[in-house]
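Encoded as structure tokens, the structure appears first; notes follow it.
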Amino acid sequence: RKLIVGILSKEPMYALDTNNFLIASGDTAGYCAVCEQDGSPYELEYIQAWLTNDFTERILQMIGSDFENGFYSRGRSVLVTLPFIELDFDEPNQKSIYDRVVKATRTIYQINEELAKQPAKRIINILQRQKNNLISEIQELIARVYRLEF
């Protein structure tokens, strides 16, 4: 498993790869990967939530290379300098935030699978609303971590 990161873009582009895709990589073009690390307590779902958060995006826009038309890079050389707030998994509030982010992210993947089946329009509306609510919840939980509001 890995996160595939779109290096040069205007918006966050992080896709969880469970199929072991081969990617074209470069420092300011193509894609790069964020891989699971042996011994890391962080699931890729949490890392993805962290990377797509508005606070993280603002930091990436400041430290990434600027390109024409509002594009900026978020390649490996940028990602390794990105500040990351480590959680204390022995502290119940911090562990709760982490667990909720991972669970909500996995629920979004399940919703995406249901949406890919092209259900009836009323089901699409329900699923999309549920997905949007989960995304908002995840954004707020990661923002709490940035603000150290445990």
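With sequence neighbours excluded, no residue satisfies salt bridge (charged side-chain N to carboxylate O under 4.0 Å, His left out) with E91. N20 meets the side-chain contact (heavy atoms from CB on, under 4.5 Å) test with K2; sequence neighbours excluded. Every residue was checked against the side chain to side chain donor-acceptor pair (under 3.5 Å) condition with E86, not counting sequence neighbours, and none meets it. For Q61, the side chain to side chain donor-acceptor pair (under 3.5 Å) test picks out Y72, with sequence neighbours left out. Remark: E149 pairs with R144, R147 by the side-chain contact (heavy atoms from CB on, under 4.5 Å) rule, at least two apart or across chains. Shown here are the side-chain contact (heavy atoms from CB on, under 4.5 Å) partners of Q139, two or more places apart in sequence or in another chain: T52, N53, D54, I135. In this structure, N93 has no side chain to side chain donor-acceptor pair (under 3.5 Å) partners at least two apart in sequence or on a different chain. Evaluation of the side chain to side chain donor-acceptor pair (under 3.5 Å) rule for T56 yields Y146 as partners, not counting sequence neighbours. Residues passing the salt bridge (charged side-chain N to carboxylate O under 4.0 Å, His left out) test with K121, sequence neighbours excluded: none. For L22, there are no side-chain contact (heavy atoms from CB on, under 4.5 Å) partners two or more places apart in sequence or in a different chain. Residues satisfying the ring pair (Phe, Tyr, Trp, His ring centres under 6.0 Å) test with F84, not counting sequence neighbours, are Y42, W50.
No single ILVMFWY cluster, assembled from side-chain heavy atoms under 4.5 Å apart, contains both I126 and I111. Note on L79 and M62: same hydrophobic cluster, where clusters join Ile, Leu, Val, Met, Phe, Trp and Tyr whose side-chain heavy atoms are under 4.5 Å apart, directly or indirectly. Cluster annotation: V80 is not connected to Y31 through the hydrophobic network of ILVMFWY side chains, with a link wherever side-chain heavy atoms come within less than 4.5 Å.
Of all non-hydrogen atoms in F55 and A143, the two that sit nearest each other are CE1-CB, 3.4 Å. The shortest heavy-atom contact between A49 and V101 is CB-CG1, 3.5 Å. The minimum heavy-atom distance between L16 and Q48, with the atom names listed, is N-NE2, 4.2 Å. Of all non-hydrogen atoms in I124 and P119, the two that sit nearest each other are CD1-O, 3.3 Å.
Comment: E43 does not engage K103 in a salt bridge, judged by the lack of any side-chain N to carboxylate O separation of less than 4.0 angstrom.
Paired with Y46 under the rule side-chain contact (heavy atoms from CB on, under 4.5 Å), one option of V145, I138, T105 passes, and it is V145. Of the listed residues (L51, V34, I4, L44), just one forms a side-chain contact (heavy atoms from CB on, under 4.5 Å) with Y14, and that residue is L51.
Below 30°, between 30° and 60°, or above 60°: for F89 and Y98 the angle between ring planes is above 60°, a perpendicular geometry.
In this structure, Q130 and I108 have side chains that are not in contact, with every pair of non-hydrogen atoms separated by 4.5 Å or more.
Judged purely by distance below 3.5 Å, without hydrogens or angles, the side chains of N132 and Q128 pair a donor atom with an acceptor atom.
For the ring-ring contact (aromatic ring centres under 6.0 Å, His included) condition, no pair includes a residue of residues 112-136, sequence neighbours left out.
To the nearest 0.5 Å, atom SG of residue C32 and atom CD1 of residue I23 are 6.5 Å apart. Once rounded to the nearest 0.5 Å, the distance linking CG of L3 with CD1 of I47 reads 8.0 Å. Atom CD of E137 is separated from atom CD1 of I142 by 11.0 Å, given to the nearest 0.5 angstrom. Taken from CG in L141 to OG in S96, the straight-line distance is 8.0 Å, to the nearest 0.5 Å.
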side-chain contact (heavy atoms from CB on, under 4.5 Å) for K131 and N112? Distances and angles first, verdict last. CA-CA 8 Å; K131 179 179 169 179; N112 286 341; 2.7 Å; yes
Steps toward side-chain contact (heavy atoms from CB on, under 4.5 Å) verdict (K95, R100): CA-CA 9 Å; K95 178 75 165 103; R100 183 61 195 141; over 6 Å; no
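No side-chain donor-acceptor contact under 3.5 Å links Q94 to the backbone of L87. A donor-acceptor contact shorter than 3.5 Å links the side chain of D17 to the backbone of N19.
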